[in-house]
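Okay, structure first, notes after.
The basis for the numbers below is simple: all heavy atoms, side chains too, and nothing from hydrogens, waters or symmetry mates. A, B, ... follow the sequence lines: proteins, then strands. Residue 1 opens every chain. From a predicted model like this one, the values you see are computed outputs, not experimental measurements.
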Number of protein chains: 2
Amino acid sequence: MIDAGLKSPVTRKSGVALWRQIADQMRQAIGTGVLGADGRLPPEIALSERFGVNRHTVRSAIAALVQEGVLRAEQGRGTFVESRKRLSYPISARTRFSTGLRDQTRDRRSTLLADMVEPASSRVAEALKLTAGADVIRLETLSEADGRPVSRATSWFEAQRFAGFAKAYAKTSSITASFKQFGIDDYFRHSTLVSARHADAADLADLKLSPGAIVLVAVAINVDPEGKPIQFAETRFAADRVELTVSTEA
Amino acid sequence: MIDAGLKSPVTRKSGVALWRQIADQMRQAIGTGVLGADGRLPPEIALSERFGVNRHTVRSAIAALVQEGVLRAEQGRGTFVESRKRLSYPISARTRFSTGLRDQTRDRRSTLLADMVEPASSRVAEALKLTAGADVIRLETLSEADGRPVSRATSWFEAQRFAGFAKAYAKTSSITASFKQFGIDDYFRHSTLVSARHADAADLADLKLSPGAIVLVAVAINVDPEGKPIQFAETRFAADRVELTVSTEA
DNA sequence: TTTAGTTGTATAGAGCAATAGACAAATATT
DNA sequence: AATATTTGTCTATTGCTCTATACAACTAAA
């Protein structure tokens, strides 16, 4: 057995149910290969001893992970890991969604959920270096890999310069390809701001997360070769499924 | 009043108590200035209506945030914001802790919690390009800003090349200064891997977090001017107090 | 076939979480 | 001084969480 006497403490009276704490820890451990590396979970009794709780509490945690599709339980045989590895999403000067995950997934897909034209908020205007209230195009997109939602992004573009961008994106499902239709053959990631928070109701629905899950939030500005901002985007990643790689080539 | 009819939904039967969900949302909203931008919180009744819960549930959430030092309640007057803004921690080719936060805080401090020499795990050996089992120095450090814990790091260095590094660090409280004593006047951030997870028991204690809190985990490799790895580090940031800025200068 | 090991189901009790209503205490406003 | 607003305390009730115990159902191995 691989799992030695790892004490994995849980906190009582914290406002977070023990079964959920355990589910979160197990999901994390499975994602990093610490637990169930051989595809099989230790028996419920062993887990309950490790976490210092009743067997039924562990069962609740397992039930939640089965519901999520992380585990699969078979009566009489055991509990098995259904899906494991975490995707690594690169952030660099040349960050692009599709290319970044190319080697790690069989199937990738981006969906345009909604698009609209709206006046720029001060936050958006500042990022795109526009005057506040100027028209901007907003794109709501969802990216999936191997059938599982990976990220949910909201992007803004200058409406004047990129009129019809949504149509181009709907056709190509690619930001890079869409930019090409506007004469931008190359672009660069100027800055990225990374934070983390609990998933809100919208995140839970869009990314098919379970309550209490964590999202990594990346707020980014892309610029054209002249250094002019062309895209401002806030992307929410499911922290259980993705990690961000920042390569700072000197 | 600034806070309009923002619906802020909470999820029932999720294994996370409503008061904790609300506390998390409020902490987040306060950190980004969405809530209590004028330093004052809406009355409990108004909050309970916004979140769709009983007043007592909101009171539990407020009590938790008072305990954390985020809020201060005064009978008859109202509830007030005690500390607000989030630090922005830059990640670039020249990432250094002290310089990064210089402009944002009055007081910074790094503490050496522990140091030891141990054989390199496969993970550490791979990062530092050593043979597995080679001796490495491990440093456990805590960084605080304005009296509040900001990050908790575990660093590894090649023991042969950096014998006595812990002593140097204990004296200078600075990685940069310690490297100088070993003839390294400059070094670079090679790569950074960012992920997020729930804080474990150790994080809660070290960073003085409340259960259910989130930590941003940055796993980084620093290299000397020749490109040879000199430091491998895993840093845990309190996600409520810090965000990471990735500047990708082309 | 028997046995051991594992997951699934059932029941009961103790403690926490959330709701509800009422009122006290302190402050600010009229 | 009187009133309204706001936080603090108390009691009671309901439902969820966790524990404990027992046994059923299924699988694999002796």
*asked:* Between B:Ser173 and B:Ser110, do the side chains contain a donor N or O and an acceptor N or O under 3.5 Å apart?
replied: no
*Going by atom types only, do B:Ser151 and B:Thr235 share a side-chain donor-acceptor pair under 3.5 Å?*
no
Can you tell me which nucleotide in [options] comes closest to the side chain of [X]?
X       : options                : answer
A:Leu18 : C:dA20, D:dT6, D:dT19  : D:dT19
A:Thr57 : C:dA22, C:dA18, D:dT19 : D:dT19
A:Ala73 : D:dA20, D:dT6, C:dT7   : C:dT7

*With nearest nucleotides of DNA chain D determined for A:Gln75 and A:Val16 from heavy-atom distances, which residue corresponds to the more 5′ nucleotide?*
A:Val16
*Can we say A:Arg123 and A:Glu234 salt-bridge, meaning some charged N sits less than 4.0 Å from an Asp/Glu carboxylate O?*
yes
*Using only heavy-atom distances, decide whether a donor-acceptor pair under 3.5 angstrom links the side-chain of B:Arg55 to the base of C:dG21.*
no
*asked:* Please confirm whether the shortest side-chain N or O distance from A:Arg77 to OP1 or OP2 of C:dT7 is below 4.0 Å.
replied: no
*Report yes if a side-chain nitrogen or oxygen of B:Asn54 is closer than 4.0 Å to either non-bridging phosphate oxygen (OP1 or OP2) of C:dA20; otherwise report no.*
yes
*Between A:Glu44 and A:His56, who's closer to the 5' end of DNA chain C by nearest nucleotide?*
A:Glu44
Distance check needed: [N] [atom2] versus [X] [atom1], whole Å only.
X       : N      : atom1 : atom2 : answer
B:Phe51 : C:dA18 : CZ    : C1'   : 16 Å
B:Arg20 : C:dC16 : CZ    : P     : 16 Å
A:Arg59 : D:dA25 : CZ    : P     : 15 Å
A:Glu49 : C:dG5  : CD    : P     : 13 Å
B:Leu47 : D:dT5  : CG    : C1'   : 15 Å

*Interatomic distance, A:Phe232 atom CZ to A:Thr154 atom OG1 [nearest 0.5 angstrom]*: 10.0 Å
_So A:Thr79, base contact, sugar-phosphate only, or nothing? Heavy-atom distance under 4.0 Å._
sugar-phosphate
